[in-house]
Amino acid sequence: MSGGGCSIVWFRRDLRVEDNPALAAGVRAGAVIAVFVWAPEEEGHYYPGRVSRWWLKQSLAHLDSSLKSLGTSLVTKRSTDSISSLLEVVKATGATQLFFNHLYDPISLVRDHRAKEILTAQGVSVRSFNADLLYEPWEVNDDEGRPFTTFSAFWEKCLSMPYDPEAPLLPPKRIISGDVSRCRSDNLVFEDESEKGSNALLARAWSPGWSNADKALTTFVNGPLLEYSQNRRKADSATTSFLSPHLHFGEVSVRKVFHFVRIKQVLWANEGNKAGEESVNLFLKSIGLREYSRYMSFNHPHSHERPLLGHLRYFPWVVDEGYFKAWRQGRTGYPLVDAGMRELWATGWLHDRIRVVVSSFFVKVLQLPWRWGMKYFWDTLLDADLESDALGWQYISGTLPDGREFDRIDNPQFVGYKCDPHGEYVRRWLPELARLPTEWIHHPWNAPESVLEAAGIELGSNYPLPIVEIDSAKVRLEQALSQMWQNEAAARAAIENGMEEGHGDSADSPIAFPQAMQMEMEHEPVRNNPVIVTVRRYEDQMVPSMTSSLFRAADDEENSVDIRNSVLESRAEVPTDVNVAENTRRDTLDQAVMQTARTNATPHFNFAVGRRNSEDSTAESSSSTRERDGGVVPIWSPSSTNYSDQYVGDDNGIGTSSSYLQRHPQSHQLMNWQRLSQTG
DNA sequence: GAAGGTTTATC
DNA sequence: ATAAACCTT
C-alpha cells in the first residue's frame, strides 16, 4: 500500500480484469477506484456509431459485474472532458494515484498527456502502461533507431525482437475497494429509443465482455485457426476469429492472443503440420496489422485524415454524394460490392476480404475521398477502430509506402469469382439476384436478356447497371493521377517561389464529410417491428435488414436452446436471415430468407500483433519516452527527425521530416480534439 | 537442372 | 498488375 490514499484505475479501451497492468498496479498499491468516463464529444467527428456504442454498453456492464465479484464496482462518469471528471473523482475520493493503459489514437495521445500533466500538478502520482500492444511503438525501430515505414519491415522486426512480449498477467484475486461513497456514478446512455430495437438483434450474434472474449479466443484457437489459411479467401466461410470487436475494447489482451496462438504454433511445428503453421503466421500477421495501425497512428497522428504519401494530397477526388450514396446503399451495380455494403449495413460486420473489395472500389473506381469511406466504416462497423480503419483505407488508397499501387483497379467481377466462386455470398445479400446463374452472378450486365428475364432481373430497374464502367474508371483514374502530379508540381513550384506557405494551404484540408452524411447519421429513421423485421435505413435506403430470426430454420434445435450458448458454440454468428426491405418483389422475398455468413478471417482492418517487452526494456529504444511501464504517457519525439526521406511528402505526410510534434511543438498541451479531428 | 508456364499473394 | 513461388517438362 503505497502512499496511503487509494488509486484510480481509469478504464478506457481495456475493459478486462485479466492482463490489465493498470488494474494490477492499482491492486498492488492498495484500495482501488475503477472509473470509466464516457466523453464521446472528445472524439469530435468520430463519435462512436450505434453498434459500437451498443458493444461498449454491454462490455461495461460485464466489466462492472466482474469488478463487483472481485470486491469493487465501476464508477461511471458522463462528461465532455475526461480530465475534469478524473479530477472530480480525485476530489471526491482523495485518491493519490492514477493508473491507466496507453492508447495511441491522436485524440488519446493528446488527452492522456494532458491528463498526466494536470493530475501530476495536482499531486496525483500518475503511471501508465502498455496493455494494448505487443511492443510499444517506440520500441520497434530499424537499425538506425528510426521508425519503420513499411509494414513488412515493421512486422519482421516485431517477430525478431530480442525480447518477447510480456506474458499476460492473471486477474486479481480480489480488489479492495476505495471509498466511493462521496463519488456518484452517472447513468451512461449509449443508445436512444430508436436504436434499441436494432441493437437487440446484435445480442443474438455477439457476446461482448472480457470473459466472452476469452471464450471466443479459446474457441478460435482450438478450432478455426487450423484452417485459417485455407478458408481465409472465402467471403463468408466460418474461420474468422471474430475477435476484432473484443480486441478493440481491450476485452482480451493482444499479448494473451499472441501467446495462445504461439503455443499452437509450436505444437503444430513439432507435428510438422505445415498448414497449421501457415495459418498461425497469417493470423499473427493480421494481429500485426493491428499493431502496425497503432504504430502508424503514434508516429503519424494525422493518418486518419491525411494521406501518408504527400502527393496524394493533390489527387482530384470525385466529390459526388450520389456515388457515395449508391455505395452505401449497395446499389453500385457490382454484385460483390453491393452484397458487401448490404451486409455491412445489416450486420455491422464484414469479412476482411470484402472490406478490401468495397473500399478499393470506393477509392479506385468511384474515386471518392477515402476519408468518407473510412468515416462510414467508423459509423457502421461493430469493430470500428480508428487506427485500423485509417491503416486499411490508406493501404487501399495507395497512400502507404507499401500499399497498393495507385493505378491499380481491382475488378469486382474477377475478385468475385475468386472469393465467392459460386455466388452464394452475393445471393445471400442480394436477393434480387438470387435466381441468376453463377455464370453471370458477378457480372449481370453481360447476361443475355433471356437469362435476366428468367431470373426476374431487370437491370436499371430492380438491380442497377454498373454505376461506373471499369474501363472508364481506368481512364478516369489515369487522368486523375496525371492531374495529381501536375497539381503537386504546381504546388511545389509555388512553394519554391515563396508564393505559398506550404502549410495550411487548401491541399492540407481534407475534404469535409458530406453534410448529408452527418444528417443521415443523426436523424436516421428507425422502425422497429419487434418480430418480423427491423428496418434501419437511411431515408431512402432500400437494403436488407436483420430479422429477429437469427438462426436459420434448419438449425431449429439450436434455435430453441439458450441462445447464448448456441452462439458461443457456433461461434459468434453474424446475423442470419436477411429480409429485403420493402420494394422487393414477392418471389424475391421468398429467397430473401438467407442465412448469414460468418465471416472469416480476422478482419484486416482490425488487428494486432506484437511482441513483448520485458520489464526492464525500459531502455527505451527511441527517445520518445522516458520510462516505460510505470511511466510516462507516450510522447512524440520531436527531435527524432527526418527518418522519412523515402516519402514524397513534404509537410504532412509521412514524408515530412519528422513528426507531427515538431510542427506543433505544443500540441500535447494546446492541440485539442477539435483541431485534430477537423475536417476542414 | 534449367527454362518456361502456372498459381497465388499482395498490407 | 506483378512478382515471387511453384510446378512441369
Side-chain angles (χ1 to χ4, degrees), chain A residues 134 137 140 147-159 227-235 237 239-241 244 274-275 277-297 299-300 303-304 307-309 312 350-365 370 373-374 377 383 385 387-421 470-471 473-475 477-478 481 600-610 646-647 654:
Chain A
L134 300 178
V140 186
F148 290 100
T149 50
T150 62
F151 170 72
S152 24
F154 165 80
W155 187 228
E156 208 176 304
K157 175 72 179 191
C158 285
L159 290 174
E227 266 122 38
Y228 187 83
S229 145
Q230 251 194 329
N231 292 75
R232 109 200 85 113
R233 52 186 90 89
K234 292 299 216 60
S237 55
T239 55
T240 309
S241 72
S244 57
K274 258 195 94 192
E277 258 196 285
E278 198 199 330
S279 286
V280 168
N281 288 335
L282 274 163
F283 176 72
L284 285 181
K285 189 159 116 182
S286 68
I287 297 289
L289 285 164
R290 176 183 183 274
E291 199 88 351
Y292 189 57
S293 72
R294 270 73 180 150
Y295 188 79
M296 292 305 286
S297 178
N299 286 308
H300 308 286
S303 61
H304 64 300
L308 289 175
L309 288 184
L312 254 285
L350 218 46
H351 180 110
D352 175 57
R353 267 307 126 130
I354 305 300
R355 296 185 194 204
V356 170
V357 169
V358 301
S359 56
S360 170
F361 184 84
F362 184 94
V363 172
K364 299 295 182 61
V365 178
W370 62 271
M374 192 190 93
F377 271 23
D383 55 21
D385 179 284
E387 296 96 309
S388 293
D389 282 351
L391 177 65
W393 281 88
Q394 295 238 18
Y395 163 69
I396 289 301
S397 313
T399 63
L400 291 177
D402 54 351
R404 308 199 153 190
E405 303 76 13
F406 310 119
D407 52 353
R408 167 176 163 182
I409 290 187
D410 295 293
N411 190 326
Q413 176 184 340
F414 302 142
V415 180
Y417 283 107
K418 270 191 174 166
C419 69
D420 182 31
I470 293 294
D471 285 343
K474 279 181 185 153
V475 172
L477 187 58
E478 272 168 34
L481 287 170
N600 208 2
T602 348
H604 249 203
F605 283 77
N606 286 320
F607 268 77
V609 168
Q646 71 182 92
Y647 294 91
I654 282 195

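Because the structure is predicted, anything quoted here is derived from the model rather than measured. A note on names: the letters A, B, ... follow the listed sequences, proteins ahead of strands, and every chain is numbered from 1.
Between the P atom of dC11(B) and the CH2 atom of Trp393(A) lies a distance of 19 Å, rounded to the nearest Å. Remark: P of dC11(B) and CG of Leu289(A) are 9 Å apart, rounded to the nearest angstrom. As rounded to whole Å, 13 Å separates atom C1' of dC11(B) from atom CD of Gln394(A).
From Asn299(A), atom CG reaches atom OG1 of Thr149(A) across 10.0 Å, with rounding to the nearest 0.5 Å. Put simply, NZ on Lys285(A) and CG on Leu159(A) are 11.0 Å apart, with the number rounded to the nearest 0.5 Å. Taken from CD1 in Ile470(A) to CG in Asp410(A), the straight-line distance is 9.0 Å, to the nearest 0.5 Å.
When each of Tyr295(A), Tyr395(A), Tyr292(A) is tested with Phe151(A) by the rule ring pair (Phe, Tyr, Trp, His ring centres under 6.0 Å), just one qualifies, namely Tyr292(A).
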Please write out each protein N/O paired with an N/O of nucleotides 5-10 of chain B under 3.5 Å, distance rounded to 0.1 Å.
unit_1	atom_1	unit_2	atom_2	d
dA9(B)	OP1	Arg233(A)	NH2	2.7
dT10(B)	OP1	Lys285(A)	NZ	2.8

Between Asp385(A) and Arg294(A), does the salt bridge (Lys or Arg N to Asp or Glu O under 4.0 Å) criterion hold? Intermediate values first, please. CA-CA 10 Å; Asp385(A) 179 284; Arg294(A) 270 73 180 150; 2.7 Å; yes
